[in-house]
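The block underneath contains the structure these notes are about, expressed in structure tokens.
Keep in mind that the numbers below use all heavy atoms, side chains included, and drop hydrogens, waters and symmetry copies.
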Amino acid sequence: MLDRTWSDPALDAGVEAVAEGHLAAGKALLAETRGDSDRRTLRLDALARAANGQSERLADLLRDADEDPDLWVWHGCVIADEAWSAFDGHLSDEEFQRFFALLQEAHDSLLRAARLAPGDAAPWAVLQRVAALTQARREDVDRLWQEAVARSPRLFAAHWDRLGIVGDRWSGSEEEMFAFARDTVERAPAGSPIVAMLPLAHFIRYRRERDRLYEDNKFVAGAKLELRYFSHEVLGEIREADAKWESRQTPHPYALRAHNLFAGAYLQGNKMRDYDRRKRHLARIGRRVDSMPWAILSDDPVRTMAGGLRNLGLPLPEA
């Protein structure tokens, strides 16, 4: 099951219902998340993908519920998802203008949601991503990040997007990305999956370096990188982050996403001393496979993760 990395049976059912056009199911699920920023952003992301192509129907609902922050934030997320999925890749001038128009509409809906629910971090977390996509000034994107973490200091989704922004080649740097990831680990309380920002940063750098080598036809160097990137040094700091999480681990909406990242790092590193760590994380993933990192490691993420389970003697999850 790709990119359904949550332990939330109600969300499973809600995603199916929304995809079939039952938007009331999504509205009810979001209403349950007020005051729980991590659960809210996770459900928003899943429900936005499920409602992709239904933004006009959501707009119709808003005509009768103009003061509903749940509908406004959902509408903004759906518009942003529609823009990204429709125009991902090279854009003509006309498509570029349409892309920006959609993102401006998403921005307006998210800002409306933020005004209706001043304490809600979710609209601000998505706004920073939308602003980055519209190539807003870095200081404006930074301000939106500050608004999000002022309301929810350890919001997983906000940190995930922030890592990509500070690591972007045009608005940030690799050095800034790793400084942010390591600082996040340092500041995280014991038991928080937010420490997964560190393996995430390593996978971003791994993908960039590997792709650059292959694009330059340096196939031997690329193959060596695949074998050697997750060295004892790299895995050493990943182990420290993992230990901080494991020391006081409690249920968390984004735990499965973090398990995927740590499992991928240990599997790719393939060090004997990480046998138990690989086994622990892979067992907890079950069939909830995330594209990050498995789509980086293979063209068939589910099969690759299943191979890791077999190699460790773990049972394959039921379909």
Using ring pair (Phe, Tyr, Trp, His ring centres under 6.0 Å), reason through F262 and W245 one step at a time and then give a plain yes or no. CA-CA 11 Å; F262 282 105; W245 180 26; 5.8 Å; yes

From [atom1] ([X]) to [atom2] ([Y]), nearest 0.5 Å:
| X | Y | atom1 | atom2 | value |
| --- | --- | --- | --- | --- |
| R278 | L267 | CZ | CG | 6.5 Å |
| S55 | I79 | OG | CD1 | 3.5 Å |
| R39 | L29 | CZ | CG | 8.0 Å |
| D120 | R40 | CG | CZ | 4.5 Å |
| H252 | L42 | NE2 | CG | 9.5 Å |
| Q135 | D168 | CD | CG | 9.5 Å |

Considering only NZ, NE, NH1 and NH2 on the basic side and carboxylate oxygens on the acidic side, decide whether [X] and [Y] come within less than 4.0 Å.
| X | Y | value |
| --- | --- | --- |
| D3 | R288 | no |
| E16 | R4 | yes |
| D38 | R154 | no |
| E67 | R115 | no |
| D276 | R280 | no |
| R138 | E176 | yes |
| D8 | R43 | yes |
| D81 | R49 | no |

Student check: side-chain heavy atoms of [X] and [Y] closer than 4.5 Å:
| X | Y | result |
| --- | --- | --- |
| Y266 | I238 | yes |
| Y275 | K279 | yes |
| L2 | P301 | yes |
| W72 | L110 | no |
| V149 | R162 | no |
| Q54 | L23 | yes |
| L44 | L30 | yes |
| F99 | L103 | yes |

Could you check L127 against E147 for side chain to side chain contact (heavy atoms under 4.5 Å, CB included), going step by step and ending with a plain yes or no? CA-CA 10 Å; L127 275 166; E147 293 283 1; over 6 Å; no

Is the [atom1] atom of [X] crowded by more than 12 outside heavy atoms at less than 6.0 Å?
| X | atom1 | value |
| --- | --- | --- |
| E139 | CD | yes |
| D216 | CG | yes |
| R208 | CZ | yes |

Nearest heavy-atom pair of [X] and [Y]: which atoms, and what distance?
| X | Y | result |
| --- | --- | --- |
| A265 | F230 | CB-CE2, 3.9 Å |
| A51 | V78 | O-CG1, 3.6 Å |
| L297 | G264 | CD1-O, 4.0 Å |
| G191 | S247 | N-OG, 4.3 Å |
| L71 | L58 | CD2-CD2, 3.9 Å |
| A106 | G76 | CB-O, 3.4 Å |

Ignoring hydrogens and angles, tell me if any N or O in the side chain of [X] forms a donor-acceptor pair with the backbone of [Y] under 3.5 Å.
| X | Y | result |
| --- | --- | --- |
| T33 | D36 | no |
| K244 | V185 | yes |
| K224 | G222 | no |
| S192 | P189 | no |
| T134 | A131 | yes |
| R112 | D66 | yes |

Would you check if there is a donor-acceptor pair between the side chains of [Y] and [X] at a distance under 3.5 Å?
| X | Y | answer |
| --- | --- | --- |
| W294 | D300 | no |
| Y229 | R205 | yes |
| Y206 | E226 | no |
| H281 | D242 | yes |
| Y214 | E209 | no |
| T5 | N260 | no |
| Q146 | R151 | no |
| E237 | H202 | yes |
| Q249 | E246 | yes |

Under the side chain to side chain contact (heavy atoms under 4.5 Å, CB included) rule, what do L133 and F100 come out as? Steps first, then yes or no, please. CA-CA 9 Å; L133 289 172; F100 269 75; over 6 Å; no

When you look at R277 and D274, which way does the side chain to side chain contact (heavy atoms under 4.5 Å, CB included) test go after all the steps? CA-CA 5 Å; R277 296 182 182 91; D274 293 320; 2.8 Å; yes

Please determine whether side chain to side chain contact (heavy atoms under 4.5 Å, CB included) holds for the pair H232 and R239, giving the CA-CA distance in whole Å, both sets of side-chain angles, and the decisive distance to 0.1 Å. CA-CA 10 Å; H232 283 293; R239 290 179 195 118; 4.0 Å; yes

Would you check, one step at a time, whether the test side chain to side chain donor-acceptor pair (under 3.5 Å) holds for D161 with W145? CA-CA 9 Å; D161 288 334; W145 153 253; over 6 Å; no

Applying the side chain to side chain contact (heavy atoms under 4.5 Å, CB included) test to T41, which of W160, Y254, F156 qualifies? Y254

Do the side chains of [X] and [Y] join up, straight or via other hydrophobic residues, at under 4.5 Å, putting them in one cluster?
| X | Y | value |
| --- | --- | --- |
| L200 | L155 | no |
| F203 | M197 | yes |
| L102 | V73 | yes |
| L282 | L256 | no |

